[in-house]
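Heads up: the structure comes next, in structure tokens.
The chains referred to below are lettered A, B, ... by the order of the sequence lines, with proteins before strands, and numbering in each begins at 1. Bear in mind that the values here come from a model prediction, so they are computed numbers and not experimental data.
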Amino acid sequence: MSTSQEHQAYDFAYVQEKWLPIWDKIEPFKSGRPDDKRPKKYVLDMFPYPSGDLHMGHAEAYALGDVIARYWIQKGFNVMHPIGWDAFGLPAENAAIKRNEDPRIWTYENIATQKASMRRYACSFDWDRVFNTCDPEYYKWNQWLFIELHKRGLAYRKDSAVNWCPSCQTVLANEQVVAGLCERCDTAVTKKKLNQWYFKITDYADRLLDDMKELEGKWPDKVLTMQRNWIGRSQGANVNFIIEGRATPVTIYTTRPDTLYGATFMVVAVDSELAAELAAGTAAEDKFKQYRDSVKAASDIDRLATDRPKSGVFLERYAINPVNGEKLQIWASDYVLADYGTGAIMAVPAHDQRDLDFARAMKLPVRVVVKTDNEDPNETGIATTGDGELINSGALDGLNKADAIAAINKQLEADGLGKSARNYRLRDWLVSRQRYWGTPIPIVHCDKCGEVAVPADQLPLQLPDAKGLDLKPKGQSPLAAATEWVNTKCPTCGGAALRDTDTMDTFVDSSWYFLRYPSSTNHDEPFSRADIDTWLPVDQYVGGVTHAILHLLYSRFFTKVLHDIGMLGFTEPFTRLLNQGMVVMDGSAMSKSRGNLVRLSDELENHGVDAIRLSMVFSGPPEDDVDWSDVSPSGSVKFLSRAWRLSGDVTSSAGVDFATGDISLRKATHKALHDAAFAVESFRFNVAIARVMELVNATRKAIDSGPGAADPAVREATEAIAIMLSLVAPFTAEEMWERLGHKPAIATAGWPVVDEKLLVADAVEAVIQINGKITERIEVAPTITDSEIEAQALAHPTIIAALNGAAPKKVIARAPKLVNIVL
RNA sequence: GCGGGAGUGGUGAAAUGGCAGACACGCAAGUCUUAGGAACUUGUGCUCCGGCGUGCGGGUUCAAGUCCCGCCUCCCGCACCA
């Protein structure tokens, strides 16, 4: 029978307001008292950028991170689940320019807004460990780390043609150029020759690549593959070519030294110094300069179009092929990159498509030196890049590709003409930025002493006051105008010197922030070794796949550097990684301009925090995108109130002995606890929730048409439901817990211990197949053996009739599930 | 072009090589109601009622959504890296 209490709608708004202040007092998510004996788990969500309030994407990411953190707490772990803000960067600076105020104001306001929203969203963060990367107390350690890298030659300056965003008026790292466009503002990126700071990430290329073995199966394959491709290790050989009229030979890089006899010309990168030098004083000089200028004028976008016709200029110079003495024309072209390999190549048009395209455009010879199954490239215009027997190649004739490479490398090395070499697609990390809102680079430039690091006791080197500074992008750092700040004394000689006016890429801030949380209040060092040894590495990292290369690669690099310095005892920062999908609307990313923006605050207002969290988690696998138009938050509300109503129906008292309860509901409860735990641990949160829903349905039935509300098994089931729900619907769970006669916080109540004996079903249904087709179903004991189930199947009247006297060729028994009779 | 991932009901999705579609959404019918955007019950892959069904075509297996080979489509990443 139903009472009015049962039918009362579940009031999520009331429940939310009721519990927040109580949780503030209890603080269930404080981690890491030193005497804590529980095993540790470090669960980390990627920290947000404070650009306005939280949005639907945050709601998904933090719901997922919360399920994991709350699960491990229930499982008895000492969980650290911290949060902070990635607070330096361009949006704050642009907002500051627009509003004509200090970027600090916008930044800290947004942080306060987001923090309040996170509290309301019931994120299980440890609020004692919060920091913002724009706090001087944090960026002090950016500077300290920069100096440590500088000491070791891992931070250095060089002149180079860098990526330049004409709109942001700043340089960009390679990783921040997406298809030739600035990742931030989508402006076509140009090249500019500048003297800039770099971190020597290329020194770590091999380790970044090889250590990924450790991460296999723990990080998404996609991310590992992306990083491998990004690093782009290639194995080949450097070969020296004598240049007529030049004292020193030119070294080229090739991955196909076996095709050396097929080289018919040489190409140097048009924007390389070598090209300019070779062209100087020749009849081709004017034509070369003209060509070079036209290439410079073209944007990266034009350059990136691979199907565009090849262009180039013959430099009127010749190289000598070291293996056969042939005289080869030297051309300059933009299809050879100045900053990869040696900026010069031997062209083997028969076996490289780009060289072939160039050869055909410039009417240069094509010579086949590898016999493949494919047709002559001279006729087809398609280079034959596969393996085959070497021809027209002197001593290499008759060898296959691998043997020929080995043989020629050996010979080149013996003759001093070359040697095997490796190259990487990865370039050093350009870290200087010509913008205000970032960490000042802690270097003083002294005419006498050169680059001098700011002494540690003078850190943090604080940003000058933004007041009076023009932050508008103008190609030079706004800090340069802060003359009082710029003019300083050399820490070494005491003479007049100038501060470096660039700031650091904000990816520096995020490359080590996860090391700071355990020591967030440490004023003496970026982090203490004791804290690190207690908490690190991160057990579970949760965040978007957008950071697959940039942030994750840089963090891995920093971790290895800090390991080498002796500050860390491990070399990979994130043991496991979960990439959540995006929240989209009607199939496309939400945006104001598209008009499909769903406001998180509206959704929370309409359906409540728990229902939104539940909808996010239940919609599908966490890696998949959530299309909000496919999601039913009202369905979630319905389910939550169904679960909540159970807690009002239970009539047995807290502490009752479950052992005397209805056995079949007890079995359902223990199976749900077992299966949900397994599902959570394998990131199948949607399946975990399905198991809870099944238990809610079973419990409802037990109350209405089973053993009744007073049965202890009903209480056991309802308590289990509340605890499982606490991972995703903390308010509802806490309310249920109270109605069941318990004290807050349910978050730390503990996952009920699963009784293995209750996981065994009384009877299971087995199928009997004939030739793989289901013919009959029988009830069997779960403990039945293969031979017993086979005997039962063969003795079954339906089967005897179906066989009609025929003798089975073979019988496969898989107790207790199936018997397949093969005729 | 290279690399990676994915194709299952009207929809979101389940399924250690062993009953395809769990759990939901939606929809339909019903119960109770002054009422229903509440609650509960039942039904819901297709079907010519024989069967047929996991993008298409092969293969391995007693058994394939799952493993192998070849295609098609879509999504993502990289893209003149020699």
Using whole Å, what does the distance between atom [atom2] of nucleotide [N] and atom [atom1] of [X] come to?
X	N	atom1	atom2	answer
A/Asp704	B/C32	CG	P	17 Å
A/Gln353	B/G1	CD	P	11 Å
A/Ile812	B/U61	CD1	P	12 Å
A/Asn686	B/C23	CG	P	14 Å
A/Ile549	B/G3	CD1	P	17 Å
A/Leu640	B/A38	CG	P	16 Å
A/Asp649	B/A39	CG	C1'	12 Å
A/Trp230	B/G77	CH2	C1'	10 Å

Report which part of the nucleic acid [X] touches: base, sugar-phosphate, or nothing (heavy-atom distance under 4.0 Å, all strands).
X	answer
A/Phe618	base
A/Asp630	sugar-phosphate
A/Asn697	sugar-phosphate
A/Arg228	nothing
A/Ile774	sugar-phosphate
A/Lys638	sugar-phosphate

Quote, to the nearest angstrom, the [atom1] distance that separates [N] from [M].
N	M	atom1	value
B/G55	B/A64	C1'	16 Å
B/C23	B/C40	P	15 Å
B/G4	B/A39	C1'	49 Å
B/G30	B/A63	C1'	42 Å
B/U8	B/C74	C1'	16 Å
B/G65	B/G18	P	10 Å
B/U66	B/G17	P	12 Å
B/G7	B/A13	C1'	14 Å

Pair [X]-[Y], side-chain donor/acceptor within less than 3.5 Å:
X	Y	value
A/Thr732	A/Asp610	yes
A/Asp586	A/Ser629	yes
A/Glu603	A/Trp628	yes
A/Tyr424	A/Asp206	yes
A/Asn409	A/Ser420	no
A/Asn321	A/Tyr261	no
A/Asp428	A/Thr202	yes

So does [X] get a side-chain nitrogen or oxygen closer than 4.0 Å to the phosphate oxygens (OP1/OP2) of [N]?
X	N	value
A/Arg684	B/A15	yes
A/Tyr335	B/A82	no
A/Arg691	B/A14	no
A/Ser634	B/G37	no

### Query
Between the side-chain atoms of A/Asn229 and the base atoms of B/C78, is any donor-acceptor pair under 3.5 Å?
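Between B/C78 and A/Asn229, which were checked side chain against base, a qualifying N/O pair under 3.5 Å is absent.
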Of all the choices, [options], which nucleotide is nearest to the side chain of [X] once you look at every atom?
X	options	answer
A/Asn820	B/A13, B/C52, B/C62	B/C62
A/Lys810	B/A82, B/C52, B/C62	B/C62
A/Met693	B/A24, B/G18, B/C19	B/A24
A/Arg425	B/A13, B/C78, B/C62	B/C78

### Summary
Assigned chi class of B/G17 under the 90° convention is anti
### Summary
With syn defined as a glycosidic angle within 90 degrees of 0 and anti as anything else, the base of B/G50 is syn
Who pairs with [N] - Watson-Crick or G-U, where each distance is under 3.5 Å:
N	result
B/G10	B/C25
B/C52	B/G45
B/C40	B/G30
B/G3	B/C76
B/U16	none
B/A35	none

### Query
Does A/Lys310 make a cation-pi contact with A/Phe358 (under 6.0 Å, within 45 degrees of the axis)?
no
### Query
Going by an N to O cut-off under 4.0 Å, is there a salt bridge joining A/Asp352 and A/Arg256?
no
### Task
Could you pick out which residue, A/Val687 or A/Lys817, lies toward the 5' side of RNA chain B when each is mapped onto its nearest nucleotide?
A/Val687
#### Entry: Residue whose nearest RNA chain B nucleotide is more 5′ - A/Asp339 or A/Met226
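On the 5' side of the pair lies A/Met226.
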